[in-house]
Amino acid sequence: MKKILRFFILFICMGIFTSVFCSAKKNNAVELTGYIHCTGNEPFVKPVLVTDNNKRYAIMCSDEQKIEILELQGYHIQMTGISVKAKKKLSPDEDGYLQVISWKKLNTDEQ
């Protein structure tokens with residue numbers, strides 16, 4: 001009887017664990033367009049995406065990606081990533097963080 005009770009409790013715990021983590025709201029990828037600005041001073045430069053509707057997102061990425069993204073300053077780009085709301089902002093002029101998945105430079109007639 002104890003073995004059956006243990007198995008039943010284990011089964012219930014696994015069900016609760018699965019339902020909690022699978023039904024939790026996941027951060028979905030978002031696509032944002034805008035321009036890259038850099039903030040901070042060398043050697044601690046940080047890329048920020050300023051969107052077309054004037055929202056500012058600090059970009060979270062690897063050092064290699066950061067170098068590539070900073071080279072896109074002045075170009076209109078589309079960036080795909082996971083929007084992360086921070087409890088505490090690094091800077092009062094930032095609206096959130098963007099964990100970068102991919103990006104591409106958009107064609108514009110201005111350049």
Side-chain angles (χ1 to χ4, degrees):
M1 183 69 173
K2 283 188 174 185
K3 286 183 180 181
I4 294 173
L5 184 60
R6 285 182 187 167
F7 179 76
F8 182 71
I9 290 173
L10 179 65
F11 184 74
I12 295 296
C13 289
M14 286 176 30
I16 291 171
F17 179 79
T18 303
S19 67
V20 166
F21 286 103
C22 290
S23 67
K25 183 179 178 185
K26 296 180 181 178
N27 289 330
N28 294 326
V30 295
E31 287 186 357
L32 301 171
T33 57
Y35 295 89
I36 296 295
H37 290 208
C38 69
T39 60
N41 296 319
E42 287 289 342
F44 305 109
V45 177
K46 175 175 72 167
V48 173
L49 176 68
V50 180
T51 62
D52 294 338
N53 59 355
N54 212 25
K55 298 259 185 195
R56 298 174 59 89
Y57 292 92
I59 296 174
M60 299 167 43
C61 59
S62 68
D63 290 338
E64 294 83 18
Q65 290 175 325
K66 183 165 92 170
I67 292 169
E68 292 179 34
I69 291 170
L70 286 173
E71 291 176 357
L72 294 173
Q73 289 183 70
Y75 292 101
H76 197 229
I77 65 166
Q78 179 180 23
M79 192 167 277
T80 304
I82 298 172
S83 179
V84 179
K85 291 284 185 182
K87 293 179 181 176
K88 185 176 182 182
K89 294 182 182 180
L90 289 177
S91 170
D93 61 343
E94 292 172 358
D95 295 306
Y97 299 95
L98 187 68
Q99 177 67 47
V100 174
I101 297 172
S102 65
W103 65 89
K104 67 179 179 181
K105 185 167 62 169
L106 298 176
N107 294 331
T108 59
D109 296 332
E110 300 169 3
Q111 310 231 349

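Only a predicted model underlies this, so the values are computations on that prediction, with no experimental measurement involved.
From Y35, atom OH reaches atom OG1 of T51 across 11.5 Å, with rounding to the nearest 0.5 Å. Separating the SG atom in C61 from the CD atom in Q99 is a distance of 8.0 Å, to the nearest 0.5 Å. Interatomic distance, NZ of K46 versus CG of N41, reported as 11.5 Å (0.5 Å rounding). Of the inter-residue distances, the one linking M79 atom CE with I101 atom CD1 reads 11.0 Å to the nearest 0.5 angstrom. Between atom CH2 of residue W103 and atom CD1 of residue I59 there is a gap of 9.0 Å, rounded to the nearest 0.5 Å.
For the side chain to side chain contact (heavy atoms under 4.5 Å, CB included) criterion with Y57, the lone passing option out of L32, V50, V48, V30 is L32.
Enclosure of atom CG in N54 is not indicated, since only 12 or fewer non-hydrogen atoms of other residues, nucleotides or ligands lie within 6.0 angstrom. Residue N53 qualifies as enclosed at atom CG: its count of foreign heavy atoms under 6.0 Å is above 12.
Side chain of S102 to main chain of T80: no donor-acceptor pair is present (N/O by atom type, distance under 3.5 Å, no hydrogens or angles). Remark: side-chain polar atoms of K55 are not paired, donor with acceptor, to backbone N or O of G96 under 3.5 angstrom. Using a distance-only test at 3.5 Å, with no hydrogens or angles considered, no donor-acceptor pair links the side chain of E68 to the main chain of Q65.
The two residues V45 and C38 have their closest heavy-atom pair at CG1-CB, 3.5 Å. Between S83 and L98, the closest heavy-atom pair is N-CD1, 4.0 Å.
Under the side chain to side chain contact (heavy atoms under 4.5 Å, CB included) criterion, Q78 pairs with E31, T33, K104, L106, sequence neighbours left out.
Residues I77 and L49 have side chains in contact (heavy-atom distance under 4.5 Å, counting atoms from C-beta outward).
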